[in-house]
**Student:** 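Please read through the structure below; I'll follow up with questions.
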Amino acid sequence: MVVETKEVNREVRGKAVPRSFPLEDIRNIAFIAHIDAGKTTVTERILYYTGRTYKVGEVHEGTAVMDWMEQEKARGITITAAATTCYWKDHRINIIDTPGHVDFTAEVERSLRVLDGGVVVFDAVSGVEAQSETVWRQADKYHVSRICFINKMDRIGANFNRTVSMIVERLQAKPLIIQLPLGSEETYRGVIDLIEKRAWSFSGEAGADPVEVEIPEPERAKCEEYHKELVEKVAELDDQLLTAYLDGKSISAAELKAGLRRVTVANKGVPVLCGASLRNKGMQLLLDAIVAYLPSPVDMPPVRAVSRDGTPVTRPANDEAPFTALAFKVVSDPFVGRLVYFRVYSGKVEAGAQVYNSTTGEKERIGRLLLMHANHREELTGADTGSIVATLGLKNTFTGHTLCDPSEPVVLESIRFPEPVIAVAIEPKTNQDQDKLGEALHKLTEEDPTFKVTYNKETGQTVISGMGELHLEVIVSRLLSEFKVGAKVGKPRVAFKETITAPVKAEGRFIRQSGGHGQYGHVWIELEPGERGSGFQFENRIRGTAIPRNFIPSIEAGVKEAMETGVLANYPLVDITVSLYDGSYHEVDSSEMAFKMAGSMALKAGVAKAKPILLEPIMKLEVVTPGQFLGDVIGDLNSRRAHVESVETHDEMSTIHALLPLAESFGYTTALRSATQGRATHSMEFDHYEPVPPGLVAQITEQEKVGTKGHA
């Protein structure tokens with residue numbers, strides 16, 4: 001039964017989402033994939049087939065409901081994760097459509113943190129691509145159950161079996177094929193359901209139901225073979241089914257579905273389906289699979305949290321349990337103001353209720369509660385367990401904060417985001433734009449945890465940092481069009497870091513006498529290089545009364561402040577362990593400020609002696625090119641200091657896996673197009689930091705001194 005949208009709107013608007021949907025009939029899912037695999041097209045079809053929309057939105061026409069931002073329509077890509085709710089066969093499906101471009105990977109990260117299941121969309125021609133691997137790892141990290149949908153089966157070059165093999169090889173997953181394609185490329189017309197051994201044909205007309213057809217004679221033996229293999233694989237992974245299988249009992253379609261659901265929910269295997277979303281083929285069967293195999297909130301283990309005294313606790317998915325929710329997204333809506341999206345893990349909450357932000361220790365009041373459909377809103381009076389809703393009125397709640405019942409506070413695990421790797425300087429065009437720029441940047445940093453704003457005191461520049469050139473391009477575009485800020489933007493520059501390579505001991509002595517009370521702070525610290533990616537560690541090894549305990553935090557603060565600008569080229573210092581082991585104080589003249597200054601001076605002195613080096617971000621690059629251009633592409637990569645790790649060849653296309661310094665990546669898109677007549681594609685994501693070759697350090701340092709702030 002498809003619930004009509006009008007009927008749903010009458011139910012929903014002005015009151016709580018009805019618990020006519022038991023918790024076991026709710027699905028919280030995301031569509032995740034590499035860019036251009038067809039996630040948004042799949043989502044648009046699902047909204048249409050569930051009656052949520054009455055016209056099919058198209059990405060290429062700029063009419064997709066889920067890609068509502070101007071920047072998304074102009075580029076034809078998803079930039080921000082959009083939430084919606086639809087209904088299929090008496091189930092409520094809360095959907096988040098996520099971006100595929102690596103620059104917006106934070107949107108995927110925070111979406112998967114609050115969801116139970118995911119549909120991973122693959123392009124049948126390209127198979128498993130670079131960002132497919134990234135989103136798969138993110139789903140593994142949050143134990144998100146998945147089903148795979150091999151899309152674009154009607155495209156020239158579509159290869160179902162090759163894509164399944166790549167899922168095994170590149171994702172180390174266990175695909176469970178539950179559908180075989182009927183035809184391929186221009187002859188693709190439907191699927192064979194391996195569970196019930198039935199064939200379905202699709203006309204391609206929007207809204208048309210699949211029609212059952214006879215399994216073609218040449219395909220019958222193949223169907224039997226794949227069905228038998230599916231039963232064996234599921235039985236291997238499910239104890240219940242294994243017992244029946246070993247006893248030689250015949251396993252019915254219903255028993256196989258139940259076993260497949262248990263395997264999928266437990267993340268032991270992934271059902272694989274296929275279709276062609278642009279031609280409306282396979283959508284209803286995909287919806288049936290979402291309902292049949294992906295978990296409901298009650299299938300998930302109780303969410304883990306920490307109580308006020310640090311004791312681990314759990315919260316079951318139950319309306320009667322204390323209210324517990326995680327804020328996962330903040331949006332500055334030009335019409336209604338600051339929206340905070342949250343997932344309710346247990347209990348329920350009403351509009352106007354007071355809740356406790358256990359992350360900040362502050363009480364906040366829930367304003368209006370809204371059920372979101374992309375950028376459209378439906379008002380609710382309450383939200384219960386399993387709901388994904390947005391609210392107005394939370395002024396001090398940010399991404400990753402826990403909202404809970406004030407009488408039973410707990411803290412849920414927050415969300416970790418990668419650090420930005422690229423930066424540009426930005427300045428307002430007029431004095432009038434100065435305040436507007438500050439306000440706009442504040443709102444954008446609230447929305448996007450991977451977007452950072454810093455002020456360089458030495459140059460007087462405001463520097464914005466992000467995950468890539470496209471990320472910053474979209475931010476600047478929003479500043480100009482959405483926030484109406486006049487601004488001048490510099491060239492992109494690399495977010496280099498500095499670190500040390502040798503342990504040293506250093507002294508910091510800050511003594512001032514100026515009549516009356518003076519200033520006295522004196523410390524000895526030991527600096528040691530840390531593991532790459534370990535960040536900053538501070539240890540207090542003071543024994544006795546050399547420095548009073550109340551001055552220790554000031555010393556640490558001084559060290560941290562000094563780490564913001566290194567000694568080689570003013571880049572931040574990372575991966576250092578600082579141990580405070582000695583010092584002295586004056587009973588009258590010592591102060592927190594004096595010890596903060598002493599800590600800062602000691603760090604600067606120590607770093608200068610500790611053989612400092614520059615670190616640069618290295619990007620993981622994947623290039624897919626016609627074989628005839630392979631030599632030219634590899635030659636260009638070698639000239640950019642890239643390290644080619646492997647080359648795979650499939651048919652006419654070659655896939656190059658390489659590590660490329662970010663500093664050498666500027667302009668790569670244009671160079672690749674020129675070298676391959678526009679036929680090659682590439683994707684990049686941050687991989688790690690490594691030392692800059694000694695021959696380039698002087699060049700980067702010199703550029704920093706003359707104020708170019710970059711290296712390209």
Side-chain angles (χ1 to χ4, degrees), residues 359-360 398 400 414 416-421 423 445 449-459 461-465 495-512 519-542 546-585 590-615 617 689 704:
T359 308
T360 62
F398 299 93
S414 190
R416 293 186 183 87
F417 296 101
E419 285 295 310
V421 295
T445 52
T450 59
F451 173 62
K452 298 279 170 46
V453 180
T454 54
Y455 181 72
N456 190 317
K457 293 175 187 173
E458 294 181 13
T459 62
Q461 287 180 315
T462 298
V463 177
I464 58 174
S465 309
F496 290 102
K497 308 277 189 195
E498 297 184 24
T499 193
I500 60 172
T501 57
V504 295
K505 294 181 178 179
E507 181 184 26
R509 187 189 291 268
F510 183 74
I511 301 173
R512 297 284 185 276
Q519 294 285 352
Y520 185 97
H522 174 221
V523 301
W524 276 96
I525 61 173
E526 185 174 358
L527 307 183
E528 292 177 286
E531 292 285 323
R532 193 73 69 240
S534 62
F536 166 66
Q537 309 286 332
F538 183 84
E539 294 177 14
N540 175 20
R541 299 209 315 245
I542 293 284
I547 299 174
R549 190 177 295 274
N550 58 306
F551 292 132
I552 306 299
S554 301
I555 298 167
E556 183 177 356
V559 168
K560 275 185 180 174
E561 193 174 284
M563 286 183 66
E564 290 174 13
T565 52
V567 299
L568 287 174
N570 293 323
Y571 289 106
L573 286 153
V574 294
D575 305 337
I576 296 178
T577 299
V578 176
S579 303
L580 173 67
Y581 70 91
D582 202 1
S584 62
Y585 76 104
S590 285
S591 66
E592 291 180 356
M593 177 56 73
F595 273 105
K596 184 178 178 182
M597 292 298 296
S600 178
M601 292 165 71
L603 184 92
K604 290 284 186 189
V607 169
K609 298 186 295 183
K611 299 180 182 173
I613 58 169
L614 265 186
L615 300 173
Y689 271 90
E704 184 65 28

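What's counted below: heavy atoms across the whole structure, side chains too, no hydrogens, waters or symmetry copies.
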**Student:** Counting C-beta onward and ignoring hydrogens, is there a side-chain heavy-atom pair between I500 and P529 closer than 4.5 Å?
**Tutor:**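 With C-beta onward as the side chain, the pair touches.
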**Student:** Which of these, S591, S590, S584, sits in a side-chain hydrogen bond (donor to acceptor under 3.5 Å, both in side chains) with Y520?
**Tutor:**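 Single pass found, and it is S584.
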**Student:** Do V607 and M563 come within less than 4.5 Å of each other through their side chains, counting heavy atoms only?
**Tutor:**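 No - every pair of side-chain heavy atoms lies 4.5 Å or more apart.
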**Student:** Which pair of heavy atoms, one from A562 and one from L603, lies closest together, and at what distance?
**Tutor:**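 Distance-wise, the nearest heavy atoms are CB-CD2, 3.6 Å.
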**Student:** Do you know the tightest heavy-atom contact between A506 and A605?
**Tutor:**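 Scanning both residues completely, I find the closest heavy atoms to be CB-C, 4.4 Å.
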**Student:** Rounded to the nearest 0.5 Å, how far apart are CD1 of I555 and CD of E592?
**Tutor:**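 Rounded to the nearest 0.5 Å, the CD1-CD separation comes out at 10.5 Å.
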**Student:** Between K609 and V504, what is the shortest heavy-atom contact and its length?
**Tutor:**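 Closest approach of K609 to V504: O-CG1, 3.7 Å.
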**Student:** Of all the heavy-atom pairs spanning S534 and D575, show the shortest one and how long it is.
**Tutor:**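 It is N-OD1, 3.2 Å.
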**Student:** Which heavy-atom pair separates I547 from D582 by the least distance, and what is that distance?
**Tutor:**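 Distance-wise, the nearest heavy atoms are CD1-O, 3.9 Å.
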**Student:** Does a side-chain heavy-atom distance below 4.5 Å link L568 with F496?
**Tutor:**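 L568 vs F496: side chains apart.
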**Student:** Any chance you could lay out the side chain to side chain contact (heavy atoms under 4.5 Å, CB included) test for H522 and F510, step after step, and finish with the verdict?
**Tutor:** CA-CA 6 Å; H522 174 221; F510 183 74; over 6 Å; no
**Student:** More than 12 foreign heavy atoms under 6.0 Å from NZ of K560: is that the case here?
**Tutor:**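 It does not: K560 NZ has 12 such atoms or fewer within range.
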**Student:** So do the side chains of R541 and E526 get within less than 4.5 Å of each other, counting heavy atoms only?
**Tutor:**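 Yes, their side chains come closer than 4.5 Å.
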**Student:** Which pair of non-hydrogen atoms, one from V523 and one from A602, has the smallest distance, and what is that distance?
**Tutor:**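 Heavy atoms of V523 and A602 come nearest at CG2-CB, 3.9 Å.
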**Student:** Checking side chain to side chain donor-acceptor pair (under 3.5 Å) for the pair K604/T565: CA distance, chi angles, key distance, verdict?
**Tutor:** CA-CA 9 Å; K604 290 284 186 189; T565 52; 3.2 Å; yes
**Student:** L615 versus R532: any side-chain heavy-atom pair under 4.5 Å?
**Tutor:**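 The answer is yes, as the side chains (C-beta and beyond) meet within the 4.5 Å cut-off.
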**Student:** What's the spacing between K505 NZ and L527 CG if we round to 0.5 Å?
**Tutor:**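 The NZ atom of K505 sits 11.5 Å away from the CG atom of L527.
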